[in-house]
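Below is one structure, written out as structure tokens, with a few remarks after it.
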Amino acid sequence: MSENVHRGLVGVVADTTEISDVDPDHNLLLYRGYPAPELAEHRSFLETAFLLWTGELPDADELAAFTARERALRHIDPALESMLLSLPHTSHPMDVLRTAVSRLGATDPATGDASPESSREKGLRLLAVLPTIVALDQRRRRGLDPIPPRDDLGRSENFFHMAFGAVPEDDVVRAFEISMVLFAEHSFNASTFAARVATSTRSDLYSAVVAGTSALKGALHGGANQAVMEQFAEIGDPDAVDDWLTARLEAGDKVMGFGHRVYKRGDSRVPLLHAQLRRVAELRGGRDLMAFYEVLAGAMLRDKGLRPNLDYAAGPLYHLMGFDTPMFTPLFVLARIAGWTAHVVEQASENVLIRPIARYEGKARREVSAVH
Ligand code: COA
């Protein structure tokens with residue numbers, strides 16, 4: 001066969017979408033036509049999720065109804081709670097989260113209902129309940145009992161309440177909310193594509209979210225925010241950055257938090273998240289970490305011409321907010337669940353089975369000899 005091989009599907013336009021547009025030439029990410037950083041500055045994560053799912057921002061009545069439904073769906077049932085509490089503390093939080101979504105799918109009588117209404121309901125259920133699961137996991141790793149959700153708090157405030165037993169300063173909540181909006185959606189990234197592949201076989205929404213969660217876990221995708229903090233720990237000191245970087249690049253290893261498959265000249269979401277990081281660093285005594293952050297960013301630009309991606313700011317931001325490093329990628333899920341579920345509905349609405357082909361380069365045909 002003489003087909004061109006597109007390893008990694010680089011540059012391949014696999015389908016159309018109306019959910020978001022990634023324009024690398026103008027360094028722009030649009031959600032349903034609105035620039036993601038503008039939404040993050042002026043609108044909440046719930047408004048953004050509503051936009052991604054329906055195509056329009058909610059009016060006041062729609063937002064009130066959507067908010068009330070989200071708040072009513074935050075509780076997890078005792079059987080799920082005890083299953084999560086029984087998992088080893090050594091298990092990665094992404095494995096815990098993936099297992100929780102699997103269980104939600106296994107116990108929801110509507111799992112097999114692929115109608116858009118049912119899928120949106122399940123999407124809202126996941127959007128509401130995943131923070132409860134992640135907060136429980138953060139606490140159990142510290143030997144602390146779960147804190148049930150409060151329905152008088154916004155989604156981000158309630159998440160901090162459940163994770164740490166207190167709602168932090170407004171600037172910290174706002175920084176978290178902004179990160180949720182910026183991470184909510186990104187077109188055909190690897191995890192969203194995995195979710196669409198699962199949907200394309202007519203599998204269910206929970207299974208698609210499990211597929212997305214599995215793809216997001218890796219260090220080249222969502223796992224990068226965890227890897228960024230581990231990298232700072234490995235380097236140890238800003239003065240050691242140059243030697244560490246030289247050795248890393250000479251070994252042909254990637255530096256986590258830099259580069260992007262689509263944006264080759266920087267990502268328009270980064271400055272806003274960077275500003276949040278600086279603000280939270282001022283509040284939380286993060287001056288040394290910021291110095292470290294700037295030194296490595298400067299060295300990467302100088303030596304490789306590469307700029308930070310969104311995960312480079314998210315890792316230190318979540319660290320300063322008080323989350324344990326392995327919890328960072330589940331925080332990404334709390335945002336991307338909006339985009340994944342929007343794509344599941346879109347894929348199902350005009351479904352085509354996603355099934356590429358490969359060029360075979362193995363052994364030529366040969367005979368099976370009879371066994372005597
Ligand atoms: N560190 C060092 N070099 C990097 C790099 C990084 N983070 N990202 C890209 N490069 C270099 C590659 O080594 C390659 O150099 P070469 O042409 O001399 O071989 C070139 O830039 C192209 O990289 P490539 O891996 O082919 O680009 P990609 O589009 O496949 O990769 C990423 C995109 C995101 C996978 C890649 O930039 C990466 O691995 N980044 C680190 C992980 C990360 O932060 N992921 C989060 C993404 S939002």
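If you're wondering where the values come from, they're calculated on a predicted model, not measured in any experiment. Reckoned from all heavy atoms, side chains included, excluding hydrogens, waters and symmetry mates.
In the model, Thr213 has no side-chain atom that pairs as donor or acceptor with a side-chain atom of Lys217 under 3.5 Å. A side-chain donor-acceptor contact under 3.5 Å links His221 and Asn189. Using a 3.5 Å distance cut-off with no hydrogens or angles, the side chains of Glu177 and Ser156 do pair a donor with an acceptor. For Glu81 and His75, the side-chain atoms include no donor-acceptor pair closer than 3.5 Å. If you check the side chains of Tyr318 and Thr325, you find no donor sitting under 3.5 Å from an acceptor. The closest side-chain donor-acceptor pair between Trp340 and Glu185, if any, does not fall under 3.5 angstrom. Side-chain contact check for Thr199 and Asn351: no donor-acceptor pair (N or O, by modelled atom type) lies under 3.5 Å. Side chains of Asp23 and His26: a donor on one and an acceptor on the other come within 3.5 Å. Inspection of the Ser207 and Asp204 side chains reveals an N or O donor paired with an N or O acceptor under 3.5 Å.
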Chi angles and distances behind the side chain to side chain donor-acceptor pair (under 3.5 Å) call for Asp108, Tyr206 = CA-CA 10 Å; Asp108 185 348; Tyr206 293 103; 2.5 Å; yes

Test salt bridge (charged side-chain N to carboxylate O under 4.0 Å, His left out) applied to Arg174 and Asp171, step by step | CA-CA 5 Å; Arg174 180 170 151 73; Asp171 282 348; 5.8 Å; no

Working for side chain to side chain donor-acceptor pair (under 3.5 Å), residues His274 and Tyr293 | CA-CA 10 Å; His274 180 83; Tyr293 175 96; 3.1 Å; yes

Quick one: do Gln226 and His92 satisfy side chain to side chain donor-acceptor pair (under 3.5 Å)? Show the steps, please.
-> CA-CA 11 Å; Gln226 169 179 342; His92 191 278; 2.9 Å; yes

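Using a 4.5 Å heavy-atom cutoff, the side chains of Ser200 and Val352 are not in contact. Put simply, the side chain of Leu127 does not reach to within 4.5 Å of the side chain of Leu73, judged on heavy atoms. The closest side-chain heavy-atom distance from Leu334 to Phe183 is not below 4.5 Å. Contact of the Glu230 side chain with the Met256 side chain is not registered, since no non-hydrogen atoms from C-beta on lie closer than 4.5 Å. A 4.5 Å side-chain heavy-atom check between Pro168 and Val173 finds at least one atom pair inside the cut-off. Side-chain atoms of Met180 and Leu46, non-hydrogen and from C-beta on, never get closer than 4.5 Å to each other. By the 4.5 Å heavy-atom criterion applied to side chains, Phe50 and Glu62 are counted as neighbours. Under the 4.5 Å side-chain criterion, counting only non-hydrogen atoms from C-beta, Val255 is in contact with Leu249.
Without hydrogens or angle criteria, Asn225 side chain to Phe328 main chain gives a donor-acceptor distance under 3.5 Å. A donor-acceptor pair under 3.5 Å links the side-chain atoms of Trp53 to the main chain of Ala338, judged by distance alone. A donor-acceptor pair under 3.5 Å is absent between the side-chain atoms of Lys304 and the main chain of Ala299, judged by distance alone. Using a distance-only test at 3.5 Å, with no hydrogens or angles considered, a donor-acceptor pair links the side chain of Arg74 to the main chain of Arg150. With Glu157 contributing its side chain and Gly154 its backbone, the two residues share a donor-acceptor pair below 3.5 Å. For Arg265 (side chain) and Arg307 (main-chain N/O), no donor-acceptor pair under 3.5 Å exists by modelled atom type. Side chain of Ser82 to main chain of Ala79: a donor-acceptor pair is present (N/O by atom type, distance under 3.5 Å, no hydrogens or angles). With Arg139 contributing its side chain and Leu144 its backbone, the two residues share no donor-acceptor pair below 3.5 Å. Of the possible donor and acceptor atoms, one in the side chain of Tyr31 sits under 3.5 Å from a partner among the backbone N and O of Val181. The closest donor-acceptor contact from the side chain of Asp21 to the backbone of Leu30 lies at 3.5 Å or more, if one exists at all.
Salt-bridge check for Glu121 with Arg69: passed, with a basic side-chain N closer than 4.0 Å to an acidic carboxylate O. Checked for salt-bridge contact, Arg359 and Glu361 meet the test: a charged N lies under 4.0 Å from a carboxylate O. A salt bridge links Glu346 with Arg196: the closest approach of a Lys/Arg side-chain nitrogen to an acidic carboxylate oxygen falls below 4.0 angstrom. In summary, Glu117 and Arg120 do not engage in a salt bridge, as defined by a charged side-chain N under 4.0 Å from a carboxylate O. Glu169 and Arg284 are joined by a salt bridge, as a carboxylate oxygen and a charged side-chain nitrogen come within less than 4.0 angstrom of each other. In summary, Asp243 and Arg248 do not engage in a salt bridge, as defined by a charged side-chain N under 4.0 Å from a carboxylate O.
With rounding to the nearest 0.5 Å, the separation of CG in Leu289 from CZ in Phe232 is 6.0 Å. Of the inter-residue distances, the one linking Leu28 atom CG with Ser20 atom OG reads 11.0 Å to the nearest 0.5 angstrom. In this structure, CG on Asn158 lies 6.5 Å from OG1 on Thr132, to the nearest 0.5 angstrom. Leu52 CG to Ile337 CD1: the interatomic distance, rounded to the nearest 0.5 Å, is 12.0 Å. Between atom OG of residue Ser102 and atom CG of residue Asp95 there is a gap of 11.0 Å, rounded to the nearest 0.5 Å. The OH atom of Tyr312 sits 15.0 Å away from atom CG of Asp267, with the distance rounded to the nearest 0.5 Å.
Residues Ile147 and Leu136 are members of separate hydrophobic clusters, defined by side-chain heavy-atom contacts under 4.5 angstrom among Ile, Leu, Val, Met, Phe, Trp and Tyr. Note on Val129: it clusters hydrophobically with Val210, by side-chain heavy-atom contacts below 4.5 Å among ILVMFWY residues. Leu84 and Phe323 fall within the same hydrophobic cluster, where Ile, Leu, Val, Met, Phe, Trp and Tyr residues are linked whenever their side-chain heavy atoms come under 4.5 Å apart, directly or through other members. Hydrophobic clustering (side-chain heavy atoms under 4.5 Å, transitive across Ile, Leu, Val, Met, Phe, Trp, Tyr) keeps Phe258 apart from Leu301.
Between Phe188 and His343, the two ring planes are perpendicular [angle over 60°; tilted spans 30° to 60°]. Relative orientation of the His260 and His186 rings is tilted, given thresholds of 30° and 60° on the angle between their planes.
Taking each heavy atom of Thr329 and Gly222 in turn, the nearest pair found is OG1-O, 3.3 Å.
Around CD of Glu234, the count of heavy atoms belonging to other residues, nucleotides or ligands within 6.0 Å exceeds 12. In the displayed structure, Asp59 atom CG is contacted under 6.0 Å by more than 12 heavy atoms of other residues, nucleotides or ligands. Residue Arg355 qualifies as open at atom CZ: its count of foreign heavy atoms under 6.0 Å is 12 or below. For CZ of Arg202, the number of neighbouring non-hydrogen atoms (other residues, nucleotides, ligands) closer than 6.0 Å is 12 at most.
For Arg278, there are no salt bridge (charged side-chain N to carboxylate O under 4.0 Å, His left out) partners at least two apart in sequence or on another chain. Looking at residues two or more places apart in sequence or on another chain, you find a side chain to side chain donor-acceptor pair (under 3.5 Å) between Glu47 and Arg43, Ser44.
In this structure, Phe45 has its ring center at least 6.0 angstrom away from the ring center of Phe176.
For the salt bridge (charged side-chain N to carboxylate O under 4.0 Å, His left out) test with Asp324, the passing option among Arg141, Arg142, Arg140 is Arg142; the others fail.
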